[in-house]
Structures are given as structure tokens and as C-alpha cells.
Protein chains: 2
Amino acid sequence: MAAGNTPGSQLLPVLGELVRLLRQLDVPDTLSLVAMAVLRRLDRDGAGRVTDLARAERATQPGMTQLIGRLERAGLVQRVPDPQDGRSVLVELTAAGRDLLARTTTHYADTLDLLLSRLDDADRDAISTALPALARLAHAADHPPAGRV
Amino acid sequence: MAAGNTPGSQLLPVLGELVRLLRQLDVPDTLSLVAMAVLRRLDRDGAGRVTDLARAERATQPGMTQLIGRLERAGLVQRVPDPQDGRSVLVELTAAGRDLLARTTTHYADTLDLLLSRLDDADRDAISTALPALARLAHAADHPPAGRV
DNA sequence: TATTGTTATACTCTATAACTATA
DNA sequence: TATAGTTATAGAGTATAACAATA
């Protein structure tokens with residue numbers, strides 16, 4: 001049991017506040033964080049199957065189908081048949097999707113830069129130094145060393 | 001415009017992945033992160049008014065009314081009349097709410113501790129060192145130095 | 001008249017269960 | 001029979017607009 005002074009106990013409220021910060025930045029007519037993550041993945045890795053996207057984003061298959069449906073209705077992605085497998089569908093980014101992804105990413109990054117500019121150098125350095133470690137933490141649950149998380 | 005190599009650009013995907021991590025830890029029969037934040041605040045500051053809770057959590061007043069309604073139906077909080085102001089309602093934690101908050105907090109903290117234990121000392125140190133800076137970043141939008149965010 | 005809180009309503013997001021089509 | 005994807009349905013969560021009660 002966490003006694004209240006473990007690193008995890010101290011990390012938890014900070015993560016909660018960062019989530020709130022992101023939600024707060026979440027302006028209308030842009031994308032949800034999950035939608036952004038999917039578009040970013042499609043942009044980086046190219047077209048992908050619904051099942052693979054669902055697994056990568058830790059979502060269920062129906063959930064991903066619905067998200068892709070919303071994105072397709074918005075003209076940001078399109079479904080194309082998979083030539084390799086008749087059951088499968090490939091989701092790919094449209095030009096509009098790539099464009100909105102770029103603009104939304106810029107908006108978020110600009111806002112974060114503004115907030116970072118209000119901190120002092122020591123704080124900025126500390127955050128910058130911790131980024132790779134935080135990224136590894138975020139993925140620590142992806143590759144369990146032995147068994148369950 | 002963020003050129004893609006600003007601190008904010010690098011922070012954004014890491015924050016996105018941390019959000020995904022937290023969602024992943026979000027086990028059934030426990031609390032959402034916002035619900036946890038409200039219960040944590042009530043535990044720390046004592047009973048509070050709906051308006052104040054909404055403001056503190058950056059939620060709307062109707063949104064907070066509905067969240068409190070769900071929490072009350074679950075027996076985690078109770079509404080009591082405000083003796084100072086007939087329009088107002090004070091929300092306070094029940095024993096069950098305090099208990100569930102403690103158990104949920106422990107669950108999250110334990111899981112984070114497990115994930116942290118998979119990193120090396122340098123990563124743990126970097127995260128630990130950056131925590132106060134990250135907390136200040138999360139609150140940087142709360143106190144705008146001049147005008148808008 | 002302003003403030004506190006609620007109800008009404010709608011939309012996003014996500015989940016489970018049941019289904020279709022292909023392998 | 002297993003897998004890929006979808007539809008059906010339900011619930012959490014949050015928002016805006018309209019309303020009631022108190023100050």
C-alpha cells in the first residue's frame with residue numbers, strides 16, 4: 001500500500017492537474033486528444049487498420065470504429081479496402097486531416113510555450129530534462145516485464 | 001507559430017501519452033479523475049459550495065451539479081443547506097466517500113509506483129525533480145499575468 | 001437586479017453485446 | 001472456427017439555455 005509519500009503518490013495529483021490543463025486548452029472546433037493521437041499516428045505511420053489503431057490507442061474495436069466514423073464524416077480520414085484482406089479496412093489521412101492536425105498541433109504547442117514562458121529557467125530545464133523519462137513512464141505499461149499491470 | 005522544435009511541441013505528445021496512461025489505469029468501480037479531484041478537494045478543504053467547486057475544477061455550474069448528483073447517488077457526498085445563504089448548498093464528503101477516495105488513491109499510486117520501478121534511477125530522479133515545475137506549469141493558466149490564455 | 005443552483009436538452013466519447021462478412 | 005469490422009444500445013461526462021429561489 002502506498003503510504004502517501006511514495007513517488008507515485010506525489011506524481012498522481014500532478015498528473016491529474018496536467019490532464020485538467022489539457023482539457024482546459026481543448027478549444028472548440030479542434031480535435032479531442034484521442035482524435036489527435038490517431039491522426040498523429042496515421043500521419044507518422046501511414047494508413048492503418050481499425051484493429052491496429054484500437055490496440056495502439058488502448059481503445060476497443062467498436063470505439064475505434066465510431067471514432068473513425070466521426071473523423072470520416074468530418075472529412076479528416078477515409079476508409080479504403082485492404083487489398084490484402086477482404087475483411088479489413090485501411091484508414092488513411094486526407095489532406096484536410098493532415099492540415100487540421102498541423103493547425104491543432106501548432107495551437108496546442110503555442111499555448112504550452114506561452115505557459116512555459118511564465119516559468120523560470122530552472123523549472124523549464126527540469127521539465128525539459130524529465131521529458132524522455134516521462135515518455136518512458138507513459139510506455140512502461142505497454143511492455144510488462146513479466147505479467148500483468 | 002511553433003516550428004516543431006519548441007519546448008511546447010516536445011511536451012505535447014508526452015502529455016498526450018500520460019493522459020492515455022491514466023485512462024488505462026482507470027479501472028472500473030473506481031472514480032473518474034475529475035470525480036477524484038472533487039473528492040480530494042472536499043477531503044482537504046472541507047465542505048464547499050457547488051459554484052466554488054465548479055470554479056476550482058474549471059467546470060460549469062450545471063456540470064458540477066450533475067457530477068455532485070452522481071456522487072450523491074453513489075453515497076460518496078451529501079448536500080447540506082448552507083446556514084449562511086439560503087440559495088447555497090454545501091457539499092460534504094461522506095464516510096463512504098472518504099473511504100473510496102483513500103482506496104482509489106492508493107490503487108493509482110501503487111500502480112504508478114510499479115511503473116516507476118521499471119525505470120532506472122536517473123529517470124526516476126528526473127521525474128521527481130520536475131514534479132514541482134510540472135505542478136506550476138499546470139497552474140500557469142490559472143493566474144494569467146496580464147490577460148487571456 | 002444579481003447570484004445560487006437546478007432542470008432540460010443535446011452532443012461527444014466510450015463501453016459491452018450481438019451481428020455480418022471474410023479468412 | 002477465428003478474425004475484422006460494424007451496428008445497437010447504454011452510460012458517463014460535459015456543454016448551453018431556460019428556469020426557480022434567495023439575496
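On a predicted model such as this, the values are computed, not experimentally measured, just so you know. In what follows, every chain begins at residue 1, and chains take the letters A, B, ... in the order their sequences are listed.
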Worksheet entry | Gap between atoms CG and C1', on A:D82 and D:dG5 respectively (whole Å) | 12 Å

Discussion item. I need the CD1-P distance between A:I68 and C:dT12, as an integer number of Å.
Written reply: 16 Å

Fill in: B:Q66 (side chain) and D:dA15 (base): donor-acceptor pair under 3.5 Å
yes

Worksheet item: Counting just side-chain N and O atoms, does B:R49 come under 4.0 Å of either OP1 or OP2 of C:dT4?
Response: yes

Fill in: Between CG on residue B:L137 and CG on residue A:L115, distance to nearest 0.5 Å
6.0 Å

Worksheet item: Under 4.0 Å between a side-chain N/O of A:S32 and OP1 or OP2 of C:dC13, yes or no?
Response: yes

Worksheet item: Counting side-chain heavy atoms from CB outward, which of D:dA2, C:dG5, D:dT22 is closest to B:V89?
Response: C:dG5

Worksheet, complete the sentence: Walking DNA chain C from its 5' end, the first of A:D85 and A:L67 to be reached, judged by nearest nucleotide, is A:L67

Worksheet item: Just how far, in rounded Å, is C1' of D:dA15 from CE of B:M64?
Response: 13 Å

Worksheet, complete the sentence: Taken to the nearest whole Å, CG/A:L90 to P/C:dT22 is 16 Å

Fill in: Spacing between A:R55 atom CZ and D:dT3 atom C1', to the nearest angstrom
11 Å

Item to complete: Would you give the length of the straight line joining atom CG of B:D99 to atom OG1 of B:T94, rounded to the nearest 0.5 angstrom?
Response: 9.0 Å

Discussion item. Please tell me if B:T51 has a side-chain N or O lying less than 4.0 Å from either OP1 or OP2 of C:dT3.
Written reply: no

Discussion item. Both A:V50 and B:T60 contact DNA chain D. Taking the nearest nucleotide for each, which residue is further toward the 5' end?
Written reply: A:V50

Worksheet entry | B:S88 side-chain N/O to D:dT22 phosphate OP1/OP2 under 4.0 Å | no

Discussion item. Side chain to side chain contact (heavy atoms under 4.5 Å, CB included) for B:R79 and B:T65? Distances and angles first, verdict last.
Written reply: CA-CA 11 Å; B:R79 288 173 164 98; B:T65 289; 3.9 Å; yes

Worksheet entry | Charged N-O contact under 4.0 Å between B:R98 and B:D43 | yes

Worksheet item: Rounded to whole angstroms, how far apart are CD on B:Q61 and P on D:dT22?
Response: 16 Å

Practice prompt. Name the residue closer to the 5' end of DNA chain C, choosing between A:R70 and A:G86 according to the nucleotide with the nearest heavy atom.
Written response: A:R70

Discussion item. In this structure, how many angstroms lie between the C1' atom of C:dT14 and the CG atom of A:L33, rounded?
Written reply: 15 Å

Discussion item. Taking 4.0 Å as the cut-off, does a side-chain nitrogen or oxygen of B:R79 come that near to OP1 or OP2 on C:dT6?
Written reply: yes

Item to complete: Tell me which nucleotide among D:dT14, C:dT3, C:dT16 gets nearest to the side chain of A:P62.
Response: C:dT16

Response to the item:
Side-chain contact check for A:T65: nearest option of C:dT16, D:dG5, C:dT7 is D:dG5

Discussion item. What is the distance, to the nearest angstrom, from the CG atom on B:L76 to the P atom on D:dA12?
Written reply: 13 Å

Practice prompt. Decide whether B:V91 and B:L71 are clustered together by the hydrophobic rule: side chain heavy atoms of Ile, Leu, Val, Met, Phe, Trp, Tyr closer than 4.5 Å, transitively.
Written response: yes

